[in-house]
Novice: 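Can you keep this structure in mind? I'll have questions shortly.
Reminder, nothing fancy here: chain letters follow the sequence lines and each chain counts from 1.
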Number of protein chains: 2
Amino acid sequence: MGKADIYQVAKEAGVSISTVSRAFTRPELVSAKTRRKVLDVADKLDFNIFRSATALKSGQTYRVAMLMNEEITSWFNTQTFAGIESVMHPAGYDISLFQHIDTAANRHEFFTDLPIRRNVDAVFVASFAIDPHEVEQLQRIHVPIIGINTPSSEGFDATISIDDEKGMYTAAQHLINLGHKHIVYPCSEAAGLDSSIDARAQGFINACKDAEGKHDINWEVLSVPRGTAFADSALSALLAMDEFPDAICCQMDMMAIPLVLKLERYGHRTPRDYSIVGFDDSPYADTINLTTMRQDPYAMGRAAANKALTLISGKTLYDPHEVLEAQLVPRSTDIPFGEMA
Amino acid sequence: MGKADIYQVAKEAGVSISTVSRAFTRPELVSAKTRRKVLDVADKLDFNIFRSATALKSGQTYRVAMLMNEEITSWFNTQTFAGIESVMHPAGYDISLFQHIDTAANRHEFFTDLPIRRNVDAVFVASFAIDPHEVEQLQRIHVPIIGINTPSSEGFDATISIDDEKGMYTAAQHLINLGHKHIVYPCSEAAGLDSSIDARAQGFINACKDAEGKHDINWEVLSVPRGTAFADSALSALLAMDEFPDAICCQMDMMAIPLVLKLERYGHRTPRDYSIVGFDDSPYADTINLTTMRQDPYAMGRAAANKALTLISGKTLYDPHEVLEAQLVPRSTDIPFGEMA
DNA sequence: TTGAAAGCGATACCAC
DNA sequence: GTGGTATCGCTTTCAA
């Protein structure tokens, strides 16, 4: 049966174990005939190189860690993970996932135990606020650390981020330029964990402040509790306002999409009655024709993984820290103030 | 620095490497004082057990493979992956992902090379039609094989599935019981890859055939091309019909949700003008109040992973093959035929 | 082009 | 409760 080791293959093929090894990992050092024979025997005996042994010998682990806020099931995390996977897998790496590095308890446990120490060849930190002390702890594992949408690049060997603040500044400015007078930003509290949330809110605030001299606008940030029902909370808050706004600027599509769909049931229809822009260009944004700011976390994951491979191989990055810009995707939930019903 | 090995830790702590090893993996065999000392030294030297060595010694790999159709970014795949991860990670396993085991070329490559042979402790096969020959190939790696929504349990050590056919039978029957007369099932072609698609279509057909004697119904399957725009294709096909149906039965929410949203732009509003039910209870189904058949792939992933752990540990499963039923989630896209406008 | 042998780091059996 | 040591499977240098 099929638990042959390298010695059995060597014996059956009439060669040494060195040759078997080479037939798999350094084919060019073995004659074509010998190689053919070894591989045939190996296949017959269900033999394959045992990567754990290779790992031991080489000191590499062929694993990388990915740390994230919350669950992998969120759109951003899934896309980023898929992007990293798409380049790390072909390169022979598995991804060891650490979800929910969010609560104080989880963080403390992770950063003091450092279970990944000596067990991964690189670490990806996806979109969460990590404090300087934690970065310092991470550095103790002595492997490349790559940040994706981290608030700072301090302590990271490489980072790739979108400029959330600028992106949201652009979105808000777009609504202002359309002539809107009363702009609301429903904002779920970030609890200091998701760095993007804070940066986006700041971008909105900055755009409004900058416009205050030139435009006659009335703007406000509507804080709603964090949680799974944040969109419903925002809905309630909006419906409870003295006067319904003429524009809504959303921190993410997952806020904007439910609002568009549910506000309609209360007689508020976009773009007839109000303009709205989202952020992310996540699923169904196109279906409902939501104007939004697009970011591409899959591409960011790929870029981050390529940086990691370069660093793992001991090379230097030409461009370790990259900042991308979100792009406005004009669809049809926004019209000039003057054209509204 | 910071690359201390077990010998340095032993030396610094004044013990043998056996004791260092035990301090980490068999704490109960070491005196509390010695253990404390060893762990302190280890922390100071940034030492940790090197899992690749453990793996070599034990013959385990602490990796499992997950094979899937298409990308991990689909709702079903993400949920299933997250479920598996939620039990495998705490148990010390990483998941090695193999996406796109769908095209003939990819399948052939995977099943003949069998890159996972000897390199994983278990294999999960998520929701795709795998033929008997392929299962046979998989068995050559001599580890437990666990299927999730596979069309057959033949050759698998364990399986967990929902009864797609019965679920869709229920959905169709529900529409029939509401008195609908003209029921359409928009169906993207499955190309023999996604086993659920075929089973669901069959469930719809069976329900309609069974009802033909008792009810005066007119039903049809509307085949639309596979691809990213399958919902738009279905939309076109529906709008091109001589007479718009009074009920639509969808293979998945990702078909139903765009239809509900876009048909409205053409004057067809649910439930006023037609009833519609989806399948999956995936994101935004609740937001638009879609009546649908719920399945829980996260829970299936967890169950599959628990089965895997049992099998890996050499135990026998009491109940290797489980079939779950999708549950009708009544919301408000369906009303009795008689109450329609 | 191929073979012999040392060694990667942890584990577990066997002594003490 | 602790230490010595053979061993897991592969890679790689050195020799032939």
Side-chain angles (χ1 to χ4, degrees), chain A residues 2-39 41-42 45-63 92 115-121 141-143, chain B residues 2-39 41-42 45-63 92 115-121 141-143:
Chain A
K3 290 226 145 188
D5 62 12
I6 199 170
Y7 290 94
Q8 300 192 42
V9 176
K11 192 172 161 198
E12 180 97 6
V15 297
S16 71
I17 61 163
S18 316
T19 301
V20 176
S21 172
R22 282 189 282 250
F24 279 92
T25 46
R26 295 242 182 305
E28 70 280 10
L29 297 181
V30 176
S31 77
K33 209 177 74 205
T34 310
R35 176 158 180 269
R36 189 62 278 134
K37 171 136 209 174
V38 170
L39 295 184
V41 171
L45 299 182
D46 285 352
F47 172 85
N48 200 10
I49 293 294
F50 190 53
R51 293 173 74 216
S52 303
T54 305
L56 174 58
K57 184 66 180 147
S58 69
Q60 297 228 69
T61 65
Y62 299 105
R63 286 190 178 84
I116 58 176
R117 187 194 286 170
R118 297 221 311 155
N119 286 312
V120 298
D121 299 332
I141 69 179
H142 306 287
V143 297
Chain B
K3 292 224 143 191
D5 62 12
I6 201 170
Y7 289 94
Q8 300 191 42
V9 176
K11 192 173 162 196
E12 180 98 5
V15 297
S16 71
I17 61 164
S18 312
T19 300
V20 176
S21 173
R22 282 190 283 251
F24 278 91
T25 45
R26 294 246 184 302
E28 69 282 8
L29 297 181
V30 177
S31 76
K33 209 176 74 204
T34 310
R35 175 157 181 271
R36 189 62 279 133
K37 171 137 206 172
V38 170
L39 295 185
V41 171
L45 300 182
D46 286 352
F47 173 83
N48 201 9
I49 292 294
F50 191 53
R51 294 173 72 215
S52 303
T54 306
L56 173 58
K57 183 67 177 134
S58 69
Q60 297 229 73
T61 65
Y62 300 104
R63 287 190 178 85
I116 58 176
R117 186 194 289 170
R118 298 222 311 156
N119 287 311
V120 297
D121 299 331
I141 69 179
H142 306 287
V143 297

Novice: Using whole Å, what does the distance between atom C1' of nucleotide D:dC8 and atom CD1 of B:I17 come to?
Specialist: 14 Å
Novice: Measure CZ/A:R118 against C1'/C:dG9 and give the value in whole Å, please.
Specialist: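 After rounding, the reported distance stands at 7 Å.
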Novice: Could you state the atom-to-atom distance from CD of A:Q60 to C1' of D:dC10 in whole Å?
Specialist: 15 Å
Novice: So which nucleotide from C:dC13, D:dC10, C:dA5 ends up closest to the side chain of A:S21?
Specialist: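 Selected nucleotide (nearest to the side chain): D:dC10.
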Novice: For B:Y7 and D:dG4, what is the distance between atoms OH and P respectively, to the nearest whole Å?
Specialist: 11 Å
Novice: Between C:dA4, C:dT2, D:dT11, which nucleotide has the shortest distance from any of its atoms to the side chain of A:T54?
Specialist: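 Nearest to the side chain of A:T54 among the choices is D:dT11.
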Novice: In whole angstrom, give the distance that lies between atom CG of B:D5 and atom C1' of C:dT11.
Specialist: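 Rounding to the nearest Å, CG of B:D5 and C1' of C:dT11 are 15 Å apart.
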Novice: Using a 4.0 Å heavy-atom cut-off, does A:L29 contact any base of the nucleic acid, only the sugar-phosphate backbone, or nothing at all?
Specialist: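 The residue A:L29 makes base contact.
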Novice: Measuring from atom OG1 of B:T54 to atom CD1 of B:I49, what distance do you get when rounded to the nearest 0.5 angstrom?
Specialist: 6.0 Å
Novice: Can you tell me if the side-chain N/O atoms of B:R51 get under 4.0 Å from OP1 or OP2 in C:dG9?
Specialist: no
Novice: Regarding B:V15, tell me which of base, sugar-phosphate or nothing describes its non-hydrogen contacts under 4.0 Å with the strands shown.
Specialist: sugar-phosphate
Novice: If you find the nucleotide of DNA chain C closest to A:G14 and the one closest to A:K57, which residue's nucleotide is nearer the 5' end?
Specialist: A:G14
Novice: Between the side-chain atoms of A:S18 and the base atoms of C:dA4, is any donor-acceptor pair under 3.5 Å?
Specialist: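 A donor-acceptor contact between them is present.
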Novice: Rounded to the nearest angstrom, tell me the gap between atom OH in A:Y62 and atom C1' in D:dG9.
Specialist: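 Rounded to the whole Å, the gap is 14 Å.
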Novice: Under 4.0 Å, heavy atoms only, any strand: does A:S58 hit a base, just the sugar-phosphate, or nothing?
Specialist: nothing
Novice: Output the single nucleotide from D:dG3, C:dT11, C:dT2 whose closest atom is nearest the side chain of B:R22.
Specialist: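 Comparing D:dG3, C:dT11, C:dT2 against the side chain of B:R22, the answer is D:dG3.
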Novice: Can you find a side chain N or O atom of A:S31 that sits less than 4.0 Å from OP1 or OP2 on C:dT2?
Specialist: yes
Novice: Where is the tightest heavy-atom contact between A:T61 and B:F50, given as atom of each residue plus distance?
Specialist: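 Result for this residue pair: CG2-CE1, 3.7 Å.
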Novice: What is the separation between atom CZ on A:R35 and atom P on C:dT2, rounded to the nearest whole Å?
Specialist: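 Roughly 12 Å, once rounded to whole Å.
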Novice: Could you report the tightest heavy-atom contact between A:F47 and A:I6, atom names first, then the distance?
Specialist: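 Heavy-atom minimum between the residues: CE1-N, 3.5 Å.
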Novice: Specify the closest pair of heavy atoms between B:D46 and A:H142, including all atoms of both residues, with the distance to one decimal.
Specialist: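 It is OD2-NE2, 3.2 Å.
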Novice: Among the candidates D:dG4, C:dA10, C:dG3, find the nucleotide nearest to the side-chain atoms of B:S16.
Specialist: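 From the listed options, D:dG4 comes nearest.
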Novice: With heavy atoms under 4.0 Å as the rule, sort A:V30 into base, sugar-phosphate or nothing.
Specialist: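 Sugar-phosphate: the residue A:V30, judged by heavy atoms under 4.0 Å, touches backbone atoms but no base.
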Novice: Counting the atoms with a prime plus P, OP1 and OP2 as sugar-phosphate, which does B:T34 contact under 4.0 Å by heavy atoms, base, sugar-phosphate, or nothing?
Specialist: sugar-phosphate
Novice: Locate the shortest heavy-atom distance separating A:S52 from B:L56; write the atom from each residue and the value.
Specialist: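 Closest approach of A:S52 to B:L56, heavy atoms only: CB-N, 4.1 Å.
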Novice: Kindly indicate whether the side chain of B:T25 and the base of C:dA10 share any N or O donor-acceptor pair separated by less than 3.5 Å?
Specialist: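 There is none.
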Novice: Once you round to the nearest 0.5 Å, how far does OG of A:S31 lie from CZ of A:R36?
Specialist: 11.5 Å
Novice: Mapping A:I6 and B:T19 onto DNA chain D by nearest heavy atom, which one lands closer to the 5' end?
Specialist: B:T19
Novice: Rounded to the Å, how far apart are B:L56 CG and D:dG9 C1'?
Specialist: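 Distance, rounded to whole Å: 5 Å.
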Novice: So if I take every side-chain heavy atom of B:I49 and compare against C:dA10, D:dG9, D:dT11, which nucleotide ends up nearest?
Specialist: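 Output: C:dA10.
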